[in-house]
Amino acid sequence: MPDTPAVLATPRSRVRVPLRFHDGYEVDAEVVTFHGLADGQEHVAVVLGEPGPVPLVRLHSECLTGDVFGSARCDCGPQLREAVERIAERGGVLLYLRQEGRGIGLYNKLDAYALQDEGLDTYEANAALGLPEDARDYTAAAQMLRALGVGELDLLSNNPDKAAQLRDLGVGVRDRVPTGVFTTAHNVRYLRAKVLQTQHTLPLAALTGLSAV
């Protein structure tokens, strides 16, 4: 299990960035970069609204296909859009983590997609490639939160592993707040696998009305 990070990260820069989404939603954010992150990746914190003593926080793993190109094979893009608005309304932080494909990278993720087209689920496809089901480590996320002065938070996530890792890393998670359910005909098998394999808090009943394409 993760241990409390021995090395402290420090803010490197802070810059105001106006965010604009395709549906017309707009919000101003402060984007923070860091020195000293454990994995050496260029993760960023997006500070939204006026964070209080227990801010709303999302750990969002980078998804080029979903976040940028709007892929319907996952729910990452809609989750990102939802998270920005919900965090801005309450005040908090979105950590955008460079962990494409649950940490296996873009090319491996696309290779896993090809295996999913042959009938494997998302976790079976990773295993068939000799890769972990989920390779993500949230040590850098804990460092970023400490650098921002966040000691306790409510976590916007359906994934119990994120909360467990943060707690093991010494971050207080008061509550885990589920995201919405964003189903398409192309991602319903993917979402069902997340519920059945890694106990994501998504209602199975909402994932039975569509058949995978």
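- Annotation: side chain of S71 is not in contact with side chain of H186 (no heavy-atom distance under 4.5 Å).
- When the side chains of ILVMFWY residues are joined at heavy-atom separations under 4.5 Å, either directly or via intervening members, V84 and L145 end up in two distinct hydrophobic clusters.
- Take L110 and apply the side chain to side chain contact (heavy atoms under 4.5 Å, CB included) test, not counting sequence neighbours, and it matches T65, L106, Y113.
- In terms of the side chain to side chain contact (heavy atoms under 4.5 Å, CB included) criterion, A127 has no residue partners (sequence neighbours excluded).
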For Q165 and R136, run side chain to side chain donor-acceptor pair (under 3.5 Å): C-alpha distance rounded to whole Å, both residues' side-chain angles, the deciding distance at 0.1 Å, then the answer.
CA-CA 10 Å; Q165 283 203 42; R136 290 175 294 182; over 6 Å; no
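- E26 places no side-chain N or O within 3.5 Å of a backbone atom of L19 that could act as its donor or acceptor partner.
- Taking 4.5 Å as the limit, some side-chain heavy atom of T139 sits within range of a side-chain heavy atom of L169.
- Not a single donor-acceptor pair under 3.5 Å links the side chain of N126 to the backbone N or O of L131.
- Here CG of L59 is found 6.0 Å from CG of L155. Values are rounded to the nearest 0.5 Å.
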Derivation of the side chain to side chain donor-acceptor pair (under 3.5 Å) call for R102 and T122
CA-CA 10 Å; R102 296 198 303 273; T122 180; 3.0 Å; yes
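- With sequence neighbours excluded, the residues that form a side chain to side chain donor-acceptor pair (under 3.5 Å) with D39 are H43.
- Remark: side-chain polar atoms of R58 are paired, donor with acceptor, to backbone N or O of L156 under 3.5 angstrom.
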List the steps, then state whether side chain to side chain donor-acceptor pair (under 3.5 Å) holds for N159 with S157.
CA-CA 5 Å; N159 185 352; S157 177; 5.3 Å; no
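- The two residues R167 and V173 have their closest heavy-atom pair at NH2-O, 2.9 Å.
- Cluster annotation: L37 is connected to V171 through the hydrophobic network of ILVMFWY side chains, with a link wherever side-chain heavy atoms come within less than 4.5 Å.
- Not counting sequence neighbours, the partners of E85 by the side chain to side chain contact (heavy atoms under 4.5 Å, CB included) test are Y25, R81, E89.
- I87 and V177 fall within the same hydrophobic cluster, defined by Ile, Leu, Val, Met, Phe, Trp and Tyr side-chain heavy atoms under 4.5 Å apart, directly or through other members.
- The side-chain heavy atoms of Q99 and Y138, taken from C-beta on, include a pair separated by under 4.5 Å.
- For E30 (side chain) and R14 (main-chain N/O), no donor-acceptor pair under 3.5 Å exists by modelled atom type.
- Annotation: side chain of V150 is not in contact with side chain of M144 (no heavy-atom distance under 4.5 Å).
- With sequence neighbours excluded, the residues forming a side chain to side chain donor-acceptor pair (under 3.5 Å) with D154 are R90, R174, listed by chain and number.
- Atom SG of C76 is separated from atom CG of L64 by 11.0 Å, given to the nearest 0.5 angstrom.
- L153 and V47 fall within the same hydrophobic cluster, where Ile, Leu, Val, Met, Phe, Trp and Tyr residues are linked whenever their side-chain heavy atoms come under 4.5 Å apart, directly or through other members.
- Transitive grouping of hydrophobic side chains (ILVMFWY, heavy atoms separated by less than 4.5 Å) brings L80 and V46 into a common cluster.
- Here ring pair (Phe, Tyr, Trp, His ring centres under 6.0 Å) pairs that include residues 75-96, with residues two or more places apart or in two chains, are H60-Y96.
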